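Data first, discussion second: the structure below is written as C-alpha cells.
Keep in mind the model is a prediction, meaning the values are calculated, not measured.
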Amino acid sequence: MAIIITDECINCGACEPECPNTAIYEGAEDWNYSEGTSLNGNVTLPNGNTLEADSEQEPISDEYYFIVPDKCTECKGFHEEPQCAAVCPVDCCVPDEDHVETEEELLSKQKFLHNE
Ligand code: SF4
Ligand code: SF4
C-alpha cells in the first residue's frame, strides 16, 4: 500500500529529499507526474486516465507535507523499507488503508514510473 502523512506532521521537511519517486511535496505545493520519474509527454496512467506528465496537479494537503499515492511505491524497487517513515521524527508516515496494493502492484508501479 502507499504511505500517508498524518496531521501530526510538524512540516520539518526531512522526508521530502529521501523519496526515490519524488512522491512527497510540501503542503500547498503543486505537483506533477514527471518530476523524479521518467514519465513525459502524454501518458496513460494505470487507472486508464490520460494526461500530460508535466501538467501541474492540485496539492493534496494545504497544511502538511503530503504523499501522492500514484507515485508512492512504498519504496519497493529501491529500498527495503519506506524511507519517509524511517526518517520522520514524529512517526507520522503510516500505511494508507485507502490505497492498499500488493508487492507485485507496487513493483509494477515502480516500473511504470521509471520506464524499466
Ligand atoms: Fe516515497 Fe518511499 Fe515514502 Fe512512498 S514510502 S512516499 S516511495 S519515501
Ligand atoms: Fe512531516 Fe515527518 Fe515529513 Fe517531517 S519527516 S515533513 S514531520 S512527514
Side-chain angles (χ1 to χ4, degrees):
M1 62 190 82
I3 301 294
I4 191 170
I5 293 173
T6 73
D7 61 7
E8 285 169 34
C9 172
I10 57 171
N11 289 321
C12 72
C15 54
E16 187 182 0
E18 301 301 325
C19 180
N21 296 313
T22 311
I24 305 175
Y25 290 83
E26 189 173 355
E29 213 179 286
D30 285 346
W31 61 275
N32 63 56
Y33 283 91
S34 61
E35 201 173 16
T37 72
S38 60
L39 299 176
N40 61 62
N42 201 263
V43 294
T44 301
L45 302 175
N47 65 13
N49 289 346
T50 300
L51 46 69
E52 286 295 321
D54 61 359
S55 61
E56 295 300 316
Q57 308 292 318
E58 294 281 314
I60 293 172
S61 169
D62 284 333
E63 290 178 77
Y64 307 106
Y65 276 73
F66 62 86
I67 292 171
V68 176
D70 277 356
K71 295 180 78 178
C72 176
T73 63
E74 222 184 292
C75 285
K76 296 288 182 203
F78 294 103
H79 303 289
E80 289 297 311
E81 59 175 355
Q83 297 298 288
C84 50
V87 301
C88 181
V90 294
D91 294 332
C92 69
C93 302
V94 299
D96 182 353
E97 302 295 341
D98 289 334
H99 293 96
V100 179
E101 295 153 295
T102 64
E103 175 157 355
E104 197 174 51
E105 287 169 328
L106 290 165
L107 286 170
S108 141
K109 191 198 285 189
Q110 193 262 351
K111 284 192 171 62
F112 168 75
L113 292 172
H114 299 281
N115 205 15
E116 289 165 11

Could you grab the distance from atom [atom1] of [X] to atom [atom2] of [Y], nearest 0.5 Å is fine?
X	Y	atom1	atom2	value
Cys15	Phe66	SG	CZ	11.0 Å
Tyr65	Ile5	OH	CD1	9.0 Å
Leu106	His99	CG	NE2	12.0 Å
Glu26	Asn11	CD	CG	7.0 Å
Ser108	Lys76	OG	NZ	14.0 Å
Ile4	Cys9	CD1	SG	11.5 Å

Without swapping roles, check the side chain of [X] against the backbone of [Y] for a donor-acceptor pair under 3.5 Å.
X	Y	result
Glu105	Thr102	yes
Ser38	Leu113	yes
Gln83	Glu81	yes
Lys109	Cys72	yes
Asn21	His114	no

Check [X] against [Y] and note the closest heavy-atom contact, atom names and distance.
X	Y	value
Asp91	Ala85	OD1-O, 4.4 Å
Ile60	Pro69	CD1-CD, 3.8 Å
Pro59	Asp30	CD-OD1, 3.5 Å
Cys92	Cys88	N-SG, 3.4 Å
Glu56	Asn32	OE2-ND2, 3.2 Å
Ile24	Ile67	CG1-CG1, 3.9 Å

Is it true that Gln57 and Ser55 share a donor-acceptor pair across their side chains at a distance under 3.5 Å?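 Per modelled atom types, Ser55 and Gln57 side chains form a pair under 3.5 Å.
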Side chains of Asn42 and Glu52, donor plus acceptor under 3.5 Å: yes
Any side-chain heavy-atom pair from [X] and [Y] closer than 4.5 angstrom?
X	Y	result
Leu107	Glu103	yes
Cys93	Pro82	no
Glu18	Cys84	no
Thr6	Val94	yes
Tyr33	Leu45	yes

So if you build clusters from Ile, Leu, Val, Met, Phe, Trp, Tyr with side-chain heavy-atom gaps below 4.5 Å, do [X] and [Y] land together?
X	Y	answer
Leu51	Val68	yes
Trp31	Val43	yes
Ile10	Val87	no

Who pairs with Tyr25 by side-chain hydrogen bond (donor to acceptor under 3.5 Å, both in side chains), at least two apart in sequence or on another chain?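 Partners of Tyr25 under the side-chain hydrogen bond (donor to acceptor under 3.5 Å, both in side chains) test: Glu35, Lys71.
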Please walk me through it: do Glu74 and Ile3 pass side-chain contact (heavy atoms from CB on, under 4.5 Å)? CA-CA 6 Å; Glu74 222 184 292; Ile3 301 294; 4.0 Å; yes
